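Please read all numbers here as calculations on a predicted model, not as lab measurements.
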Amino acid sequence: MKSIYALLFFFSGAVLQVTAQKNQPAFGKVEKGDLLMTDCDFDKGADAVILIDWGSTFYDRGTVGYSTFKTVLQRRIRIKILKEKGISQADVEIPFYIHNKKEQVLDLKANTYNIDGSGNIGITEVKKSSIYSKKINDYYSKMIIAFPEVKVGSIIEYAYTMVRETIKLTNWYFQGRIPVRFSGYQLKIPQIFRFTVQPSVVDPIEDKQEVIDEILSASEGVIETRSLKSNYSMRNLPGIKDEPFMGSARDYMQRLEFHLTQIYYSETHIEDLSLTWNDVIKKDLNENENFGLQLKKSVYGTSDLVEAAKKIPDDEARMKFVFNQVRQTIIWNERFGIYVDNGISKTWETKTGNAADINLLLIKILHDAGIKATPILFSTRQHGLVSPYYPGTDQFNTVMAYVEIKDDYFVLDATDKLSHYTLLPQQIVNTRGFILEGQDGIWKDVLSGKKRYRVITAIKGEIDGNGLMKGSGLVNCYDYARIQRCASWLSNKERFKNDYFIKYYPALQIEEVIINNLETDSLPLEQKVKFSSVLNSSGDYRYFSVNIFSDLEENPFVAKTRVSDLDFGVQQNYIIFGNFSIPHEYSFDGIPESISMSTADRGIVFNRSVQVEANLLNVRMTLEFNHSFYPAGSYPEIAAFYKKLFDVLNEQVVIKKKVLL
């Protein structure tokens, strides 16, 4: 029995026109009230609001010799600019896949709308010269629209057609980063294609469906079938804003997800297209020229590195050597991806590549050096969650090297020049990786284990009779705290000093900041600080805080509500030592008490011990996070704990001048 892919079906009437969006103004027709709008009534203070986001997808005959069917998406977006920051919404880029012309953007048009001095609506059409395509790499390009006359109060609008040589559907996002007043999506699917539709919504969704009889023409006859036309719409959706310790914003956007499962030709001829992970590994990865077949190639010029590695008898030391050599040699071009851009041979030659280029090259050299290394796929925390129940490579955005030695395992990312090889890459900690081992692969939860975000601070302050404190600080950052601060220092040294030692301490004069161990990733990043400060005073009283350079200066959880889960990524540990001496003519009048407190589950524990001996104050504070993840429903408890925590951290030490008799 012939596969349906051998038939050349096409819809009568070829391209269908998009049904007019009910109760929505047509392209080019703007209501004056929208131009006069100054705020979004359902998301106050927003920088911009999407007034209309409409899409319609249907099937058309594919390109002969390339695909049987193609999908056609017609889309229109209208955005109101409310604030200066919202003007960036006019920087519109539409990415598309250009390899083998798999995707094309057609019929793109755009306008800017403003109110003129007489109160009339002015329309500025975007000229064709201001709409252009820019190539990203051999696989992707983007259409860029340069809108003219955009300012606060403007409305921009654009529409286009995306033709994709595939029968698969892309997901539809009703919600985005800025509020959406109306989002509508229409689908027209011949019932020979069977999809599972997975709604991920919490707000009301309008879902209207109707069955339409269709005639499909094929090279071997005419087929009568039915199409299911579905109309989905949602209204007044607030924007998904960044929240402290938030994973991917996409995970919280209301959307529809589509998974193609079958082509139903007849009761006796059903093609099962539901993928298994075995299919994905074999066809999409191992047999793919841009992935698995790369590992079967010889890489000219790596023989000296391989031979040097083979002379190292210990497997872990040999792995470390290769890892350090590759990451120090190859420059990451800041692009993620599980498929190569350049290929591993060219990457070694040019010394640059994307994440797949670099890490597949690492795997190849490790293998040549006698170390078993396996690709492991990830979706970084900023990219979003993956589901084992829907096989497909599109869930992942990076690949790394997975190595098991004795009873330990390592995940190596050679795009990262700062992390010690024993440290799991920060962007994938607390996620699930997919190891390409065996027929079906292996899912592995990747947790930080004993490695933490760890900061130890020691402060010594000497206060004289005039209320001047002369002090020094030693801040040691370990593991993930080390990575964060190293990256900050290398990026901008002055900003580093401001962010960690100046911004939160306006009363302090920073005299010196010295950085040690920057090049030695096995040691903590050491920061030595010298400072001085005139204490605040009131009459005979002077006061100061012992919470200095602790990395706990500002409460991140001050919002009343929260949408996203709390994803700290890794467990955290803070230790603060304080040693303060006061002159003999002063005495301690107000001392913070020793205290212990924790969340109900003891997931976060804080302790402070305080000792006073004559004119010397010693303080030790510890804050320990035993969990790295809390669901959004836990936020009220976490926020309440943090409020109390920062009240305690910022308690003042009060000293008083002695009364002389």
Side-chain angles (χ1 to χ4, degrees), residues 316-317 320-321 323-325 327-329 331-332 412-427 429 448-462 469-533 545-554 569-581 618-625:
E316 186 172 329
K320 175 185 175 182
F321 172 76
F323 173 61
N324 284 334
Q325 290 296 312
R327 68 173 177 162
Q328 291 166 10
T329 302
I331 298 172
W332 183 37
L412 305 177
D413 177 17
T415 70
D416 180 359
K417 297 184 181 299
L418 297 175
S419 300
H420 191 262
Y421 75 97
T422 60
L423 205 62
L424 294 167
Q426 188 169 8
Q427 70 268 33
V429 172
S448 61
K450 296 181 181 180
K451 303 293 185 180
R452 298 189 171 208
Y453 182 101
R454 189 175 183 215
V455 179
I456 299 179
T457 303
I459 302 295
K460 183 176 182 179
E462 297 180 357
M469 180 191 289
K470 284 280 190 178
S472 62
L474 174 63
V475 182
N476 280 331
C477 293
Y478 298 79
D479 299 336
Y480 294 101
R482 172 194 160 79
I483 296 173
Q484 184 181 92
R485 293 213 183 183
C486 284
S488 178
W489 174 263
L490 294 171
S491 173
N492 189 312
K493 294 178 177 57
E494 291 305 315
R495 185 184 302 165
F496 173 93
K497 294 177 182 178
N498 180 69
D499 288 349
Y500 292 108
F501 300 105
I502 297 174
K503 179 169 62 175
Y504 295 107
Y505 308 101
L508 302 187
Q509 294 295 319
I510 304 300
E511 298 167 4
E512 184 180 57
V513 177
I514 298 174
I515 305 296
N516 294 321
N517 302 334
L518 186 68
E519 303 296 332
T520 310
D521 60 11
S522 60
L523 296 176
L525 183 72
E526 185 181 83
Q527 301 134 88
K528 293 183 176 180
V529 188
K530 289 185 177 180
F531 66 92
S532 61
S533 174
S545 172
V546 299
N547 183 25
I548 302 174
F549 310 142
S550 66
D551 206 25
L552 295 168
E553 292 84 9
E554 187 176 51
V570 298
Q571 296 174 6
Q572 302 173 50
N573 180 240
Y574 301 86
I575 302 176
I576 304 106
F577 297 99
N579 179 284
F580 301 89
S581 63
N618 285 298
V619 180
R620 183 178 189 272
M621 296 185 286
T622 63
L623 179 63
E624 188 165 5
F625 289 73

Tell me whether Asn579 contacts the main-chain N or O of Lys460 through its side chain, where contact means a donor paired with an acceptor under 3.5 Å.
no
Here the gap from Leu523 atom CG to His420 atom NE2, rounded to the nearest 0.5 Å, amounts to 9.0 Å
Quick one: do Leu423 and Arg482 satisfy side chain to side chain contact (heavy atoms under 4.5 Å, CB included)? Show the steps, please.
CA-CA 11 Å; Leu423 205 62; Arg482 172 194 160 79; over 6 Å; no
Is it true that the side chains of Gln427 and Asp413 contain a donor and an acceptor less than 3.5 Å apart?
yes
Side-chain contact, heavy-atom cut-off 4.5 Å: Thr622 with Glu624?
no
To the nearest 0.5 Å, tell me how far Thr329 OG1 sits from Asn324 CG.
10.0 Å
Heavy-atom distance under 4.5 Å between the side chains of Tyr478 and Arg452, does that happen here?
no
For a 4.5 angstrom cut-off between non-hydrogen side-chain atoms, does Ile576 reach Val619?
no
Nearest heavy-atom pair of Val429 and Gly569: which atoms, and what distance?
CG1-O, 3.3 Å
State, to 0.1 Å, how close Ile483 and Leu418 come at their nearest heavy-atom pair, and which atoms those are.
O-CD1, 4.0 Å
More than 12 heavy atoms of other residues, nucleotides or ligands under 6.0 Å from CD1 of Ile575: yes or no?
yes
Would you call Phe531 and Ile502 a side-chain contact if the rule is heavy atoms closer than 4.5 Å?
no
Determine whether a donor-acceptor pair (N or O, by modelled atom type, separation under 3.5 Å) exists between the side chain of Glu553 and the backbone of Asp551.
yes
Looking at every non-hydrogen atom in both residues, tell me the closest pair between Ile459 and Gly473 and how far apart they are.
CD1-CA, 3.8 Å
Would you give the length of the straight line joining atom CD of Glu519 to atom CG of Leu525, rounded to the nearest 0.5 angstrom?
10.5 Å
With rounding to the nearest 0.5 angstrom, report the CD1 to OG1 distance, Ile548 to Thr457.
10.0 Å
To the nearest 0.5 Å, tell me how far Cys477 SG sits from Asn517 CG.
11.0 Å
Looking only at non-hydrogen atoms, find the nearest pair between Asn547 and Ser545 and report the distance.
N-OG, 3.0 Å
Applying side chain to side chain contact (heavy atoms under 4.5 Å, CB included) to Gln572 and Leu552, what does each step give before you reach the verdict?
CA-CA 12 Å; Gln572 302 173 50; Leu552 295 168; 5.9 Å; no
Evaluate Tyr500 against Phe496 for ring pair (Phe, Tyr, Trp, His ring centres under 6.0 Å), listing each step before the verdict.
CA-CA 6 Å; Tyr500 292 108; Phe496 173 93; 5.1 Å; yes
Here the gap from Glu462 atom CD to Ser532 atom OG, rounded to the nearest 0.5 Å, amounts to 13.0 Å
Lys503 NZ: over 12 foreign heavy atoms closer than 6.0 Å:
yes
Polar contact flag, side-chain donor to acceptor under 3.5 angstrom, Gln426-Ser419
no
Can you confirm whether Lys417 sits close enough to Trp332 that some side-chain heavy atom of one is under 4.5 Å from a side-chain heavy atom of the other?
no
Which residues pass the ring-ring contact (aromatic ring centres under 6.0 Å, His included) test with Phe321, sequence neighbours left out?
none
Answer whether the closest heavy-atom distance between the side chains of Val455 and Val475 falls below 4.5 Å.
yes
Val570 and Asp479: CA distance, side-chain angles, deciding distance, side chain to side chain contact (heavy atoms under 4.5 Å, CB included) verdict:
CA-CA 10 Å; Val570 298; Asp479 299 336; over 6 Å; no
Please state whether the rings of Phe549 and Tyr505 are parallel, tilted or perpendicular, taking 30° and 60° as the class boundaries.
perpendicular
Side chain to side chain contact (heavy atoms under 4.5 Å, CB included) assessment of Trp489 paired with Gln527:
CA-CA 11 Å; Trp489 174 263; Gln527 301 134 88; over 6 Å; no
Minimum side-chain heavy-atom gap Phe577-Ile456 below 4.5 Å
yes
Looking only at atom types and distance, does a side-chain atom of Arg327 sit under 3.5 Å from a main-chain N or O of Asp416, one as donor and one as acceptor?
yes
If you look at every heavy atom in Ala507 and Ser533, which pair is closest and at what distance?
O-OG, 3.2 Å
With Glu511 as reference, evaluate Lys497, Lys470, Lys528 under the salt bridge (charged side-chain N to carboxylate O under 4.0 Å, His left out) test and give the passing residue.
Lys470
Hey, is the main chain of Ala487 close enough, under 3.5 Å, to the side chain of Ser491 for a donor-acceptor pair?
no
